[in-house]
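So you know, we letter chains A, B, ... as the sequences are listed, proteins then strands, and number each from 1. Any value given below was found using the heavy atoms of this structure, including those in side chains, with hydrogens, waters and symmetry copies removed. None of the values given here were measured: they were computed from a predicted structure.
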There are 2 protein chains.
Amino acid sequence: MSPRRRAARPRTDDTATASGGGADEDGAGGEGLKPTASRRRKASGGRRYAGRSAAERQAEQRQRFLAAGRVLFADSGFRATSVRALCREAGLIDRYFYRNFADTQALLAALYTAEMDTVEARILAVFNAAEAGAPQERIEPAMDTFFAAFEDRRFARICWLEVLGVGPDIDALYLERQNRFARLLETVGRQLRPEWPLDAQETQITTLALVGAISQSALHWYLTDYAAPRRVLVSTNLRLIRGALAALEG
Amino acid sequence: MSPRRRAARPRTDDTATASGGGADEDGAGGEGLKPTASRRRKASGGRRYAGRSAAERQAEQRQRFLAAGRVLFADSGFRATSVRALCREAGLIDRYFYRNFADTQALLAALYTAEMDTVEARILAVFNAAEAGAPQERIEPAMDTFFAAFEDRRFARICWLEVLGVGPDIDALYLERQNRFARLLETVGRQLRPEWPLDAQETQITTLALVGAISQSALHWYLTDYAAPRRVLVSTNLRLIRGALAALEG
DNA sequence: ACCATGTGATGACGACTGTCCTCACTTTAC
DNA sequence: GTAAAGTGAGGACAGTCGTCATCACATGGT
């Protein structure tokens, strides 16, 4: 049915989560201990080259492809981005693309996951930093952090426009992300309204709808080139959440 | 930049609105008056063939391509749908595709417009049918009509997944549609709250966010294969709107 | 110094794309 | 009946795609 082949291939890793992970191979801090550099290598993957281990080189390749995808997917669109273009942008050759990703969809999936991990971490950090305050005041900086992140055009384009309609696997990623935000909203809601009157189904639909409200207004904000100041977006969506909470008992 | 050429071409119409338009050429009702069939033809486009006028034939071609696009865009995805596949599905040859559409994007745009026109008309009809009732009760069947339409998987897939990320022109179509739904919501809101406290900017963001809430819950409904009964979707979104109205003064 | 391994450039392959052209055939208008 | 217009099938074109293979060079361990 689909014109893309999915033959058996050397098995790339493909499902990495974030990009911020520190290199935990030979992670013994210092840099100067090079004399006994021939540990037990040759059995653990490739050898060193240009001063970096095989894992370090591959990680750098991966990061360069992610950066290239961030630029090209956002500026030219995912559909119009080819492996060749990605390699040109990354300054690498196709062999290393295939070493790191099965195809451009896999790169898009990894990029989406990394971007969303970053933003989610920022939001949670802000949310938890205001731990002392009432939930009412903790959610406002979190919302502001989200819209601040959305001011990055490439983030907005990739994570809210380009990921949709690509394929069922990426649809699943998107769906799962929306659910994560929805669960965060549910946590906040239950703190504010301990007597939570909704069943599981209604809870999920309600929180997901609110996530959709935030998403849609953010998307419209992006598509209208960020007319309207950010604080209006934040306050409007906060009012929507307050209203939803107030209407819980109704 | 873009690999698709956009050369000058015989100028197709491209921007038709709905598909329901009646053929207004020679529209003199009856069918039996064929004797003097040689009116002033030959100057008004093509001649008759297989019993139908040139305009009739072209309209039927257009409709067949729209139907083919509906099937293939939804089942295989827009990206994986080629002109050849559309022609095979429509039972026509490519010459007639190019007569009717500039490219597959134009077909997608026309299809999206036609589908949304149909659903919008249905919603407005239901809304206006309950003219007697209070706005509170008029909006509920309208919402139910929307979710009923969304139960058509192809409609959901095409109008909420495939249209996104295709290109700036289709993004603009999508944006305009969301705005139309938002304005409808604003109309309802102003009827329910004559003392409308929001300025234009806040009004647009709020109504668009609500449209996004409805869209997102509908999309999630589709992606989870329509678990949850329809009435739960309807009632949950109605509660959200009630809550937003209640929070207006806040 | 030697040789295995890593790297970059380049090109080739088969498949598919949009688009156009040609040829045989059918139907219409006169 | 004849010429013109409409139709369908199919092929040819120049591109681009993903993917792999080849070859010269750089760097590493020993």
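If you take CZ of B/R48 and P of D/dG6, they are 13 Å apart, rounded to a whole angstrom. Distance A/F97 CZ to C/dT7 P: 17 Å, rounded to the nearest Å. Atom C1' of nucleotide C/dC20 and atom CZ of B/R95 are separated by 11 Å, given to the nearest angstrom. In this structure, A/Q58 atom CD and C/dG6 atom P are separated by 11 Å, rounded to whole Å. The distance between atom CZ of A/R84 and atom C1' of D/dG15, rounded to the nearest whole Å, is 11 Å. Rounded to a whole Å, the CZ atom of A/R88 is 9 Å from the P atom of D/dC17. Residue B/I93 contributes atom CD1, which lies 8 Å from atom P of D/dT7 at whole-angstrom precision. Distance CZ (A/R52) to C1' (C/dT7): 12 Å, rounded to an integer number of Å.
Counting non-hydrogen atoms under 4.0 angstrom, B/G51 reaches the backbone sugars and phosphates but no base.
Taking only distance into account, the side chain of B/Y49 meets the base of C/dT26 through a donor-acceptor pair shorter than 3.5 Å.
The only member of A/R154, A/R157, A/R70 that meets salt bridge (Lys or Arg N to Asp or Glu O under 4.0 Å) when paired with A/E162 is A/R157.
Between the CZ atom in A/R62 and the CG atom in A/L107 there is a gap of 8.5 Å [rounded to 0.5 Å].
Of the candidates D/dG8, C/dT7, D/dG6, C/dT7 carries the atom nearest the A/Y96 side chain, counting heavy atoms from C-beta on. The side chain of B/R47 lies closest to D/dA4, out of D/dA4, D/dG10, D/dT7. Among the nucleotides C/dG6, C/dG18, D/dG8, the one closest to the side chain of B/S82 is C/dG18.
Within the 3.5 Å criterion, the main-chain N or O of A/F97 finds no donor-acceptor partner in the side chain of A/D94.
The side chain of B/Y98 places an N or O atom within less than 4.0 Å of a non-bridging phosphate oxygen (OP1 or OP2) of C/dT19. Regarding contacts with the backbone of C/dT7, a side-chain N or O of A/R57 is found under 4.0 angstrom from either OP1 or OP2.
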| said: Set out, in order, the CA-CA distance, both residues' side-chain angles and the distance that settles salt bridge (Lys or Arg N to Asp or Glu O under 4.0 Å) for A/R153 and A/D75, then state yes or no. | reply: CA-CA 9 Å; A/R153 285 181 159 78; A/D75 296 359; over 6 Å; no
| message | Please determine whether ring-ring contact (aromatic ring centres under 6.0 Å, His included) holds for the pair A/F146 and A/W221, giving the CA-CA distance in whole Å, both sets of side-chain angles, and the decisive distance to 0.1 Å. | response | CA-CA 13 Å; A/F146 171 76; A/W221 192 42; 9.1 Å; no
